[in-house]
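Data block below; observations after.
Note on naming: letters A, B, ... go to the chains in the order of the sequence lines (proteins, then strands), and numbering restarts at 1 for each one.
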Amino acid sequence: MRRVTFDGHWLPYLLLFPQLLILVWFFFWPAGQALYQAFTLSSPFGGYAEWVGFENFVDMVTQPEYHKAIRVTVVFSLATTALSLGLGLLFALFADRVLRATDFYRTLLIWPYAVAPAIAGALWSFTLDPHSGVVAFALKQLFNWGWNPELSSFDAMVLVVFAAAWKQVAYNFVFFLAGLQSIPRAVIESAAMDGAGPLRRVRDIILPLLSPTTFFLVVLNIVYAFFDTFGIIHVTTGGGPGDATTILVYKVFQDGFIGLDLSASAAQSIILMIVVMGLTIFQFRFLERRVHYAD
Amino acid sequence: MKRNKFWVAGLLAAAVTFGATDASAEKIKINWWHAMSGGLGEGVDEIVKRFNESQDKYEVVATWKGRYRHLMTQTIAAIRADEQPHFFQNNETGVITLMLSGAIIPAEDLLAKNGVMLDKSEYLAPVVNTYTDPNGKLLAMPFNSSTPILYVNKDLHDAAGLGALPKTYQEMEEQIRKLQASDVTVPRGGKACGYAFYAGMWADMENPMAQQKQFYASKNNGVDGLGARLVFDNEDGWAFNHMTRLKRWLDEGLAEFGAESQTDWGSGALKDFQAGNCLFHIRSTASHARMESNKFNWTAAHLPYEAGTTPVNTTIGGAALYVLKGFSDEEYAGVTEFFKSLTSVEIQKYWHKKTGYVPITKQAYNELKSDGYYNEYPTKELAVIQLLRGGDTPHPAARVPRLGNFDNIHVAIESELRKVWANEQTVKQAFANAVRRGDEILRRFEKQNSRQAEATYPMLVE
């Protein structure tokens with residue numbers, strides 16, 4: 001095979017330039033700023049900054065509130081990922097078997113993804129409002145369950161997990177559906193002829209063949225739960241009650257933008273960046289081994 | 001033909017563009033960023049409209065930027081990008097942050113430079129002392145000021161024949177018990193909820209503490225130095241007893257909790273009260289406009305106090321207007337003109353009637369009184385009376401705490417207390433945690449700001 005190569009260096013760099021510019025401008029520069037801020041103590045109004053070494057990091061990681069935020073983040077991101085992957089897969093399996101009005105169902109299922117996180121949060125907080133929401137009323141009437149995310153940490157966590165997962169289900173659905181459709185019909189049909197029922201076919205044929213999609217979605221969903229759910233939490237619980245739904249990224253916001261302590265906030269975002277990088281590397285090294293890619 | 005049309009269009013466009021620049025060149029634009037929405041926002045727009053129509057040199061443009069904390073964040077970002085407004089509104093919790101920011105021009109300096117002598121004794125003392133620096137200089141132009149009062153569902157109150165409105169927390173409890181023992185029912189069905197509360201620190205802690213002469217932080221509530229610590233956790237203190245009482249009320253069904261909304265100035269407690277389900281609710285006097293939509297008869301009384309004590313003044317909430325650096329003398333002259341109009345008796349009276357925020361000058365208050373306005377709207381006078389209890393020299397504890405990153409301290413206290421309402425910890429644990437977290441926030445603020453403080457206000461640094 002003939003390889004195409006460039007003669008000089010300038011052309012490839014020129015072609016890469018726009019992309020690199022965007023990366024530098026929107027990622028490396030702000031990240032550099034955050035790094036600088038994390039090692040200094042500065043006034044939010046700008047003006048001066050004093051070099052303090054690791055002091056900001058030490059102040060943050062020794063706080064009990066920070067440890068709580070880590071625990072909350074783990075619970076929240078695992079629950080959100082599990083729920084949104086589970087439901088996405090379930091819907092995709094059903095939608096794949098729909099015979100009539102396929103497009104109609106698919107469009108409806110994809111819809112929530114177009115909703116902005118803050119709007120999703122507002123929708124869910126209206127619906128699940130303990131004072132005037134429909135759900136609170138129904139739960140009280142039917143099960144005598146005093147649903148109250150304003151006071152119960154458990155209810156609040158359920159609320160944010162639902163709102164966060166609901167939005168992501170649509171995204172997962174699209175990928176799962178595409179994954180399902182790329183599985184050769186012949187394999188499934190021959191399994192059916194061998195006497196495998198629908199559940200058996202899902203377990204032994206479909207799930208293993210879907211594993212690349214699932215792996216990809218696990219990585220993306222965890223990143224989503226870590227970062228993009230800020231809007232939902234901000235609108236629904238504000239990190240409360242107490243600090244029951246204050247995930248790490250919400251604490252970054254709270255310290256930086258309510259507390260105006262940009263240095264503490266920057267230190268936390270650096271830690272968060274390292275954690276997510278570590279998590280992704282871990283997933284690629286250990287989880288990916290169990291993924292079966294089709295040739 | 002086509003060519004002609006093209007030329008005509010071009011000429012028209014040019015005419016429009018130049019015409020527009022000519023018109024705007026006549027007036028100097030003054031930008032004001034504020035946090036007033038709903039009925040309050042309408043009031044702001046009306047004040048601005050009146051000012052713009054009263055003269056043809058300046059044009060004030062008021063822009064709503066969300067709640068105070070969002071407004072502050074946006075203003076800081078704008079200052080860093082050199083795109084700040086001429087002045088912006090900030091609430092009573094941000095005083096020390098802005099005092100040490102190096103980004104503002106003290107209002108008193110601005111007025112003096114433009115030949116306006118400010119007589120601070122003309123203003124209500126709790127309003128002025130919130131915004132004066134350690135040298136007694138006014139940092140910002142006081143604008144909207146309020147204080148909490150007790151709102152009462154009059155229909156429920158009358159139906160149970162409870163007599164006079166309660167003055168103390170003890171009377172409140174007694175009346176709630178009587179109401180719940182009666183056969184009076186509420187729209188949601190069953191017995192009334194007594195006290196709907198959201199445990200906003202301002203209404204359930206800072207203001208009642210002020211009128212009971214209880215210090216919130218050391219160093220005269222933080223006014224005298226950056227080294228202040230939180231001191232409200234004393235077990236014989238009012239705050240400790242009151243939170244214990246609220247928890248007991250909650251357990252006995254005398255009170256119901258409804259958290260503050262994340263998106264607007266409402267709260268679950270307000271919803272419950274406005275739905276007609278609750279007898280009492282404590283909230284800012286600036287909620288008058290909001291209460292007018294109640295579908296039941298309501299009234300209000302003074303913020304309750306402890307039986308057997310004599311309350312002193314409460315403190316203010318609300319905001320003042322901070323002038324930012326970076327503009328021309330001519331523009332600042334415009335800001336001064338606007339401030340003059342803002343504190344005129346006419347505008348003060350309008351603003352008070354429209355919103356329920358108190359008139360901030362004594363003259364405006366006296367005129368409203370002699371106009372007979374308070375015979376018609378007696379509940380609007382409650383707040384002014386509360387603020388004037390201390391005369392011109394309020395008790396040092398009855399002064400808005402001046403603490404760094406105060407909003408984050410609020411978050412810490414409110415979230416620790418929320419765990420008390422949810423039975424996750426005791427008041428004692430909550431206060432211990434809140435004070436530890438609050439003091440950590442204060443120490444970080446001290447580190448962050450002591451250098452600026454030494455340069456500008458050395459008396460604040462040890």
Side-chain angles (χ1 to χ4, degrees), chain A residues 40-50 52 55-56 59-60 62-65 68 118 121-122 125-126 129-133 136-137 140 148-156 233-246 251 253-264, chain B residues 69-70 72-73 75-77 79-80 94 97-98 100-103 188 198 250 256-263 267-272 275 277 404-412 414-425 430 433 436-437 440-441 443-445 447-449 451-452:
Chain A
T40 55
L41 201 58
S42 61
S43 152
F45 294 87
Y48 89 101
E50 181 189 344
V52 292
E55 200 179 295
N56 293 326
D59 278 2
M60 288 306 113
T62 51
Q63 270 182 5
E65 288 71 39
K68 174 82 188 281
S125 69
F126 278 133
D129 184 290
H131 304 278
S132 52
F137 185 75
K140 184 84 191 163
N148 191 350
E150 288 179 0
L151 279 182
S152 152
S153 305
F154 178 77
D155 292 0
I233 290 179
H234 188 49
V235 172
T236 51
T237 62
D243 30 32
T245 54
T246 301
K251 199 167 163 11
F253 160 80
Q254 220 165 43
D255 289 340
F257 294 97
I258 296 177
L260 298 180
D261 188 347
L262 293 182
S263 311
Chain B
R69 57 178 65 150
H70 306 144
M72 176 79 133
T73 318
T75 307
I76 289 175
I79 290 170
R80 295 178 73 126
T97 306
L98 287 161
L100 299 176
S101 70
R188 70 171 176 203
Y198 63 101
L250 201 58
E256 278 181 27
F257 175 80
E260 220 174 331
S261 156
Q262 290 303 311
T263 44
S267 67
L270 179 69
K271 272 185 209 165
D272 285 339
N277 294 322
N405 289 349
F406 201 1
D407 280 337
N408 234 12
I409 296 175
H410 277 162
V411 170
E414 283 170 17
S415 72
E416 291 299 336
L417 280 172
R418 192 79 75 88
K419 295 180 200 162
V420 174
W421 319 139
N423 288 323
E424 288 170 19
Q425 64 183 4
N433 286 335
R436 174 185 54 76
R437 286 171 67 175
E440 275 169 21
I441 293 168
R443 294 296 74 78
R444 279 195 65 84
F445 183 83
K447 272 195 252 175
Q448 214 180 351
N449 286 278
R451 198 197 284 184
Q452 262 116 320

Can you say whether S42(A) sits under 4.5 Å from chain B via the side chain, the backbone, both, or neither, judging by heavy atoms? backbone

What part of T246(A) is in contact with chain B, defined as an atom under 4.5 angstrom from a non-hydrogen atom: side chain, backbone, both or neither? neither

When rounded to the nearest 0.5 Å, the distance separating CG of N405(B) from CD of Q448(B) is 6.0 Å

Quick one: what part of T75(B) sits under 4.5 Å from any heavy atom of chain A, side chain, backbone, both or neither? neither

Leading residue by heavy atom contact count with chain A [cutoff under 4.5 Å; candidates A103(B), G102(B), A275(B), G258(B)]: G258(B)

Q452(B), part contacting chain A, at a heavy-atom distance under 4.5 Å: side chain

Which bit of A264(A) is near chain B, if near means a heavy-atom gap under 4.5 Å: side chain, backbone, both or neither? both

Using the ring of each side chain (for Trp, its six-membered ring), is F257(B) parallel, tilted or perpendicular to W421(B), with breaks at 30° and 60°? tilted

Could you check whether K419(B) pairs with D243(A) (Lys NZ or Arg NE/NH1/NH2 to Asp/Glu carboxylate O, under 4.0 Å)? yes

From the options E440(B), K447(B), R443(B), select the one residue that forms a side-chain contact (heavy atoms from CB on, under 4.5 Å) with D59(A). K447(B)

In short, L41(A) meets S263(A) closest at the heavy-atom pair CA-OG, 3.5 Å

Measuring heavy-atom distances to chain B, does D255(A) have an atom under 4.5 Å in its side chain, in its backbone, in both, or in neither? both

Presence of salt bridge, R436(B) and E65(A), under 4.0 angstrom: yes

Shorter than 4.5 Å, heavy atoms on both sides: which option in R444(B), E256(B), R451(B) has the most such pairs with chain A? R444(B)

Taking atom CZ of F45(A) and atom OG1 of T97(B), what is their separation to the nearest 0.5 Å? 6.5 Å

Between A412(B), A259(B), A77(B), A422(B), which shows the greatest number of heavy-atom pairs under 4.5 Å with chain A? A259(B)

Return the minimal non-hydrogen interatomic distance between I233(A) and G239(A), and the atom names on each side. CG2-N, 3.7 Å

Region of I441(B) in contact with chain A, defined by heavy-atom distances below 4.5 Å: neither

Please look at S101(B) and chain A and tell me whether the side chain, the backbone, both or neither of the residue comes under 4.5 angstrom of a heavy atom of that chain. both

Which atoms of D272(B) are under 4.5 Å from chain A, going by heavy atoms: the side chain, the backbone, both sets, or neither? side chain

Contacts of type ring pair (Phe, Tyr, Trp, His ring centres under 6.0 Å), residue F445(B), not counting sequence neighbours: none

Honestly, the part of E424(B) sitting under 4.5 Å from a heavy atom of chain A is side chain

Selection from R188(B), R437(B), Q425(B) maximising heavy-atom pairs under 4.5 Å formed with chain A: R437(B)

Given G121(A), P64(A), G256(A), the one with more heavy-atom pairs under 4.5 angstrom with chain B than any other is P64(A)

Roughly how far, to the nearest 0.5 Å, is CD of E416(B) from CG of N433(B)? 4.0 Å

